[in-house]
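Position 1 is the first residue of the sequence, and the numbers go up from there. All ligand and atom numbering here is 1-based and tracks the order in the structure. These figures come from a predicted structure and were not determined experimentally.
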Amino acid sequence: MPGKMAVTLGVSNILWMVLVASQAFTIEIVPESQIVAQINGSASLTCRTTGCADPSFSWRTQIDSPLNARVRKEGNTSVLTMDPVSFWNEHSYLCTATCGARKEEKAVEVLIYSFPKDPEIHLSGPLEVGKPVTATCLVRDVYPFERLEMDLLKGDRLLKNQEFLEPAETKSLETKGLAVTFTPTSDDIGEALVCRAQLHISEIDEALRKREKRRTLQVHISPRNTVVSVSPSTRLQEGGSVTMTCTSEGLPAPQITWSRSLGGRRPQLLSGNGTLTLVAMRPEDSGVYVCEGVNPAGRDRKEVELVVQEKPFTVEISPGPQVAARIGDSVELTCSAVGCAAPSFSWRTQIDSPLHGQVRPAGTSSKLTLNPVSFEHERSYLCTVTCGRRKQEKMIKVDLYSFPRDPEIEMSGGLVHGEPATVSCKVPDVYPLDRLQIQLLKGERLMESKNFLEALERDSLETGSVEMTFTPTADDTGEALVCRAELQIDEMEFEPKQRQSTEMLRVQIAPRNIAVSVSPSSTLEEGQSVNLTCSGDGLPAPKIQWSRQLRDGSLQFLSENTTLTLTSAGRGDSGVYVCEGSNQAGKSRKEVELIVQVAPQDMQLRASPSERVQEGDTVTIYCTCGNYPKTWIILKKKAETGDTVLKAVGGAYVIHKVQLEDAGVYECESKSELGRQSRSLTLDVQGRERDYFSPGFLMLYCASSLLIPTIGTIVYLARRATMRGSYSLVDAQKSKV
Ligand SMILES: *[C@@H]1O[C@H](CO)[C@@H](O)[C@H](O)[C@H]1NC(C)=O
Ligand SMILES: *[C@@H]1O[C@H](CO)[C@@H](O)[C@H](O)[C@H]1NC(C)=O
Ligand SMILES: *[C@@H]1O[C@H](CO)[C@@H](O)[C@H](O)[C@H]1NC(C)=O
Ligand SMILES: *[C@@H]1O[C@H](CO)[C@@H](O)[C@H](O)[C@H]1NC(C)=O
Ligand SMILES: *[C@H]1O[C@@H](CO)[C@H](O)[C@@H](O)[C@@H]1NC(C)=O
């Protein structure tokens, strides 16, 4: 409202009172003499007349510059409106009213001001206790500033006061400021900075000429006294956990962060609050941890060095530092890391040869399997365990052995009483051979002992053997022959180290004392029954076998019974019977001749070519008998002086160049206990010119006989006598010769 802006200054005007009294033509301006208008506001001047029906108005400034205002006339009133008010309106305005010939003029002065906004307070930086800060109070767009007075207060205390008295050179809106530098203290917390500005123009409302700005002091305290507590300790064991608590003082309360210092790189933020808990710490987590308190006023940090000690870790190797491995078996070597979460393993041999095995991880262990174990495995194996930066190594030595079977006892053939025998004991597939010892014992008695210390060391399975020769006796039967082998390796653990085999001795005795008894007699009559019984000693008891000897000397098997029974002996049963006793140790035989006596029969006697021959011819006299054997046949030449027994070969008696005296009676006679048979013929020799002579004796065997020695009648008779007596085996043998 312009009315509110324009303030009328009461001035008494005597002239105006004279005019009114006379009802003359008068002029008045409202406000009367002076108006103070705010720039950008609006203000109006009203020029009014009395005493004229239709006055005319004109407005001008004292210096004849443009009006910079609008004019409006209404009857006896003219209103000059300045909207907006600007510098160009700061003049003395004259209103001239004309009524006919009369002319009245009135002036009014227009003053302007600008004080549109409250002051502003600016700080050069955050308020920090102990840190000087400059507070500036600004008043913008002031006019006329020489009327301006500014106060800066902290609480009730005036810090600075200023008036801006120097006159302005040009008309312009100015910004004026007041700066005070002070050092905040903690007492300032909660205090306010107050900036008061006053434009000393009394014509303006107080509310418009006094302006004030308050600003509560935001006093900051930079983080300080940053303290860290570590629980349980800054030295930790691997895998352990730690809680670190950090506090920092400051205003406002500092924001606490935990981070890890990583050398040159950007630190790693770990926590956004004061408590940092680290679990499962590893050695590589060692390092500097930083707690930082930050607020707008600054930052403060505290460093903590954590040391994570590696857990002591150990390497265990199993089955032990040394393992006895049987060739052909499977052996598993286990290398374990204790106290290391993520160990890595490597295996090698001490001489860096190939492993010849399979490596398999198994959690915090590693297994090396040698399967099957062979000579290339007889080494020391090294297991290297790496745990972080630490490294440990353990060695295991693989020793080989082979002792898979019990000794094998061998006897050459059977043991025969009295015959030297060789017994051997073999221990097959042994390694190492030089540690083998073999003992041979008979009962409790050590017979032979052998070691193989001189054996060449070779990568192969060997057979150790020992041999002994002894002469067993029957008494040895039942004794034990023990072969004891021992692999003498005390430094290796395996079972068994000793093996033994036992064989019971069985000493055989070759058949002996083979005897034959013939019941009733070895000379029998046809049809009689005879038992041939054979017996003999030996171990094992000899097996009896009866056979018959054929004419060509070969044997015909008859029975395995000890007693051979001929129930009804025939003439063909005569002959030599052989009893053979045999066992594993040997055989022995006994012979007996069986004679079955039969009556002679079917005897034939003839002369060839004829019974009548010429002197000087060759004549053969044949004598045969049908039943054989051992029927005595005698060829005789009958004569007055006595018979002559003739020597016949193969049943034939040959007379070369027959003489007259060869003529005569020839008799062939067969005789036994059972009877006699004879044939005779008369050989007639035709002489040329000589007489014939008397025949002599002749004796010959039957056709089956082989050889008949030339013997005399007396021998023949003696045999007869023998044949009649009892038959003895010894005699029978002798009679054959
Ligand atoms: C007056 O008004 C104009 C436009 O509205 C503006 O730009 C200017 O700043 C004002 N001046 C003051 C002192 O208020
Ligand atoms: C601290 O910060 C961690 C994450 O940085 C959060 O898990 C934990 O709850 C916070 N503790 C408190 C007391 O605010
Ligand atoms: C032959 O032996 C059997 C049985 O032992 C017996 O019965 C028989 O009488 C014996 N014969 C002779 C001739 O001894
Ligand atoms: C052996 O003797 C048994 C009776 O002891 C008899 O049965 C068997 O026939 C005999 N064997 C021979 C081959 O004589
Ligand atoms: C104009 O002025 C007012 C008062 O200021 C008077 O009341 C009116 O009478 C006057 N009008 C004329 C015609 O003089």
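- Taking the ring centre of F115 as origin, the terminal cationic atom of R211 falls inside the region bounded by 6.0 Å and 45° from the ring axis.
- For E174 and S172, the side-chain atoms include at least one donor-acceptor pair closer than 3.5 Å.
- In this structure, a donor-acceptor pair under 3.5 Å is present between the side chains of S554 and D552.
- Ligand 1 lies less than 4.0 angstrom from a heavy atom belonging to S114.
- Between S588 and R512 the shortest side-chain heavy-atom distance does not fall below 4.5 Å.
- A cation-pi contact, defined as under 6.0 Å to the ring centre and within 45° of the axis, is absent between K171 and F87.
- Contact check on K73 versus D54 returns a salt bridge, with a Lys/Arg side-chain nitrogen under 4.0 Å from an Asp/Glu carboxylate oxygen.
- Within ligand 3, the atoms closer than 4.0 Å to a non-hydrogen atom of S529 are 13 (C), numbered from 1 in the order shown.
- Contact residues of ligand 4 (protein heavy atom closer than 4.0 angstrom to a ligand atom; sorted by chain and number): L558, S559, N561.
- Residue L173 approaches ligand 1 through these ligand atoms, each under 4.0 Å from one of its heavy atoms: 13 (C).
- Taken from OG1 in T61 to CG in L67, the straight-line distance is 6.5 Å, to the nearest 0.5 Å.
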